[in-house]
Number of protein chains: 2
Amino acid sequence: MTSRITATYHVTASAATIEARAQGIAVEQSVEMPLAAIDDERVLRDIVGQVQSITDLGNGVFEVNIGLAVETTGLEAGQLINMLYGNTSIQDDTVLWDATFPDEVFAAFKGPNVGIEGLREGKAPGRALTCAAIKPQGLPVPRLADLARRFAEAGPDFIKDDHGHADQAFSPYAERVPAIARAVREANARAGTSTRYLPSLNGNLDQIRAQIRLGHEEGLNTFMIAPMIAGFSNFHTVVRENPTTAFFTHPTMTGASRIAPALLHGKLFRLLGADAVIYTNHGGRFGFTRETCREIARYATMPWGGIKGALPVPAGGMTQDRVPEMVECYGADVVLLIGGGLLLARERLTEETRAFVEAVAALPAPPGPGAEARA
Amino acid sequence: MTSRITATYHVTASAATIEARAQGIAVEQSVEMPLAAIDDERVLRDIVGQVQSITDLGNGVFEVNIGLAVETTGLEAGQLINMLYGNTSIQDDTVLWDATFPDEVFAAFKGPNVGIEGLREGKAPGRALTCAAIKPQGLPVPRLADLARRFAEAGPDFIKDDHGHADQAFSPYAERVPAIARAVREANARAGTSTRYLPSLNGNLDQIRAQIRLGHEEGLNTFMIAPMIAGFSNFHTVVRENPTTAFFTHPTMTGASRIAPALLHGKLFRLLGADAVIYTNHGGRFGFTRETCREIARYATMPWGGIKGALPVPAGGMTQDRVPEMVECYGADVVLLIGGGLLLARERLTEETRAFVEAVAALPAPPGPGAEARA
């Protein structure tokens with residue numbers, strides 16, 4: 001029997017049309033041609049997508065489960081998303097809502113390198129983790145390094161590049177990253193802290209590899225990457241090529257609604273190897289609801305297919321006054337990322353960052369959304 | 001003065017909120033932090049996005065033009081889309097509608113290698129071009145090669161892989177592509193025709209490069225690639241590394257509505273080097289209107305920035321009876337792609353394909369949508 005992925009779509013349709021529409025998706029996401037033109041029994045039996053169920057969710061939306069043959073994915077990351085949603089992404093009536101994978105998919109893609117436990121290593125249990133961001137792009141390298149130093153002196157768990165930092169003339173990667181890495185290293189040595197700096201990877205696969213090499217030479221072992229820009233295949237490739245390195249995913253170009261955020265961040269990015277997934281938190285500059293955000297966190301952290309968990313990193317306009325509420329929402333397995341909110345402190349940046357770090361350290365964290373699935 | 005790209009967004013907002021919303025996008029797509037926290041005059045002047053205009057389009061939609069500093073893109077393809085739409089793609093109220101580029105962007109990205117004229121070389125002027133597709137995935141290589149032979153005997157201009165063809169065990173690229181290339185080569189030699197076979201590129205940058213090398217060894221000079229899966233940077237890299245090779249883009253994972261199709265296919269893919277852009281035609285399985293489709297074709301073919309034009313390839317459920325209407329819609333500078341519709345002919349596949357090819361050859365084509373901009 002052929003092994004299948006169950007892909008779940010939410011389809012806007014009428015009761016009279018949903019069966020044909022579901023069958024249409026099953027064909028679109030597999031052989032993409034009229035079945036009447038196929039005379040090969042094996043293709044009809046083992047390759048063509050199969051409608052497994054149709055459920056009326058009300059309000060004109062149906063949940064459709066389709067079994068997609070694993071062998072059509074070639075167990076390759078780009079082809080996986082191509083088969084899950086490629087052409088159907090162009091059809092406005094359909095959202096890719098969820099996916100369930102058989103064991104061979106987990107065995108092939110392998111998930112995070114270090115995962116939640118790796119990122120928490122050496123940290124006090126039961127507390128959330130903290131992250132600051134180096135901005136704005138356009139500043140010269142010495143000023144960015146100085147910002148990093150001032151952040152690092154407050155001892156957050158992570159300091160990340162802005163995702164706008166690429167390889168621009170005003171702060172080339174090869175100058176920026178060593179300077180910031182040194183600033184953070186020296187601050188750690190002075191204060192006995194262990195802040196990790198995450199450079200933002202960018203460009204083609206060769207460039208990303210060179211950036212990782214340079215980071216490794218500077219003692220860095222954590223990077224940020226945008227899978228929708230790097231491409232699924234290239235993201236997965238660099239994760240597997242660097243098995244002791246941690247990767248945070250950035251949500252740029254993920255779009256808002258066509259792929260359910262919990263599936264994209266919590267399952268797909270995790271499956272390919274995200275150790276932590278940055279996404280836009282509720283109540284900031286973006287439209288996700290609290291429920292959607294908890295669902296992302298649940299998917300990212302729940303026991304799943306024997307692969308490691310990924311830390312949720314809710315972000316996008318977060319401020320210090322939201323720390324208690326965010327810890328309440330996410331529990332301890334979360335990275336609280338405050339970007340512009342800390343930079344607004346200007347000359348008091350180190351003090352404000354320290355206040356943030358200490359407030360998080362002092363807050364007992366309840367069980368997170370993944371605990372339910374763990375029970 | 002700093003050189004800027006004008007990015008055009010369509011934003012759903014109220015008259016009371018649109019100014020703040022426009023300013024919000026200008027910040028999101030540049031420095032992504034509160035301006036009050038920036039003390040560097042150069043960053044404020046040259047790096048922060050600038051709202052250039054706001055126009056009420058009616059029905060609660062505003063057109064917002066924002067000037068984005070070219071230097072933030074680093075003139076690199078992945079960073080270009082990151083700056084054009086990255087985080088804003090996650091905001092449901094905003095569509096990336098259009099973009100206008102200064103000369104240095106065209107000079108850096110360079111556009112198609114061979115373009116419309118290269119793809120038309122040796123073809124009769126004034127007629128549309130034709131393309132068939134090899135499907136379904138799952139067939140063993142000898143059967144795929146036999147299909148290709150039967151298509152090629154009818155002499156279409158192009159035969160493409162299905163976009164589902166990757167590197168699966170049932171027809172690995174390294175076996176499939178040489179077998180199909182040989183079948184097409186031999187049919188061309190017998191009939192004196194010049195059908196080109198386009199393999200579908202997939203996987204990471206290394207794999208795509210190896211696939212192009214293998215294709216070149218088989219005498220192929222045209223390939224299909226999906227930029228949204230390969231990643232913008234990697235797509236642009238392989239185009240520039242192979243300056244005499246032609247590339248068709250495939251629309252898988254382009255989504256339906258968040259980036260205007262004319263901008264994505266007709267401008268962005270063309271800017272990075274698409275010689276031909278496949279998209280979903282009106283009246284097929286997908287929801288684009290005739291107006292949207294003509295706008296894609298107009299953008300792809302119009303004189304623009306001194307780079308070559310790209311051939312529009314409307315597809316997705318096309319049939320032979322639509323040929324006259326499609327030629328009327330698009331003129332001569334179009335590739336008419338019929339996939340499943342020809343495969344339905346089964347044992348009469350060659351005859352039906354020949355009828356398609358001859359019908360297109362006999363049809364005088366009117367000026368296409370790009371002619372307006374040409375005048």
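Being a predicted model, the structure only gives us computed values, none of them experimental. Proteins get letters first, then strands, A, B, ... in listed order; numbering begins at 1 in each.
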Counting heavy-atom pairs under 4.5 Å to chain A, which of B:G86, B:S233, B:G231 comes out on top? B:G86
Which atoms of B:F170 approach chain A - backbone, side chain, both or neither, heavy atom under 4.5 Å: side chain
Contact winner vs chain A - B:D206, B:I208, B:V48, B:L75, heavy-atom pairs under 4.5 Å: B:D206
Inter-residue atom distance A:N204.CG - B:R209.CZ, 0.5 Å rounding: 6.0 Å
What are the two closest non-hydrogen atoms of B:S89 and A:T254, and how far apart are they? OG-N, 3.5 Å
Can any side-chain N or O of A:Q79 pair as donor or acceptor with the backbone N or O of B:G203 at less than 3.5 Å? no
Distance-minimising heavy-atom pair for B:G340 and A:P34: CA-CD, 3.5 Å
Compare all side-chain heavy atoms of B:H163 with those of A:N87 and state whether any distance is below 4.5 angstrom. yes
May I ask you to name which of B:T252, B:L343, B:L349, B:T88 has the most heavy-atom pairs under 4.5 Å with chain A? B:T252
Exam field: side chain B:Q91 to backbone A:R285, donor-acceptor pair closer than 3.5 Å: yes
Side chain, backbone, both or neither of A:R21 within contact of chain B (heavy atoms, under 4.5 Å): neither
Looking at B:G341, B:G138, B:A133, which makes the most heavy-atom pairs under 4.5 Å with chain A? B:G138
My understanding is that only one of A:L84, A:N82, A:I259 makes a side chain to side chain contact (heavy atoms under 4.5 Å, CB included) with B:M253; could you say which? A:I259
Minimum heavy-atom separation for A:V31 and B:Q137, please, with both atom names. CG1-O, 4.1 Å
Would you check if A:E76 and B:D167 make a side-chain contact, meaning some heavy-atom pair closer than 4.5 Å? no
Is A:T72 close to chain B through its backbone or its side chain, or both, or neither, when contacts mean heavy atoms under 4.5 Å? both
Sort B:D93 into side chain, backbone, both or neither according to what part of it lies under 4.5 angstrom from a heavy atom of chain A. neither
Is any side-chain heavy atom of B:I90 closer than 4.5 Å to a side-chain heavy atom of A:F288? yes
Side chain, backbone, both or neither of A:Y85 within contact of chain B (heavy atoms, under 4.5 Å): both
Looking at CD1 of B:I38 and CG of A:L139, how far apart are the two atoms once the value is rounded to the nearest 0.5 Å? 7.5 Å
What's the shortest heavy-atom distance between B:D40 and A:P140, and which atoms? OD2-CD, 4.4 Å
Could you check if a side-chain atom of A:E347 sits within less than 4.5 angstrom of a side-chain atom of B:D39, using non-hydrogen atoms only? no
Return the option, out of A:T280, A:N202, A:T73, A:D162, with the maximum number of heavy-atom pairs under 4.5 Å with chain B. A:D162
Between chain B and each of A:G339, A:G287, A:S30, A:G24, count heavy-atom pairs under 4.5 Å; write down the option with the most. A:S30
B:L205 side chain near A:Q207 side chain, heavy-atom distance below 4.5 Å: no
I'd like to know which of A:A77, A:G78, A:G74, A:A36 tops the heavy-atom pair count under 4.5 Å against chain B. A:A36
With a 4.5 Å heavy-atom cut-off, do A:P136 and B:I47 have their side chains touching? no
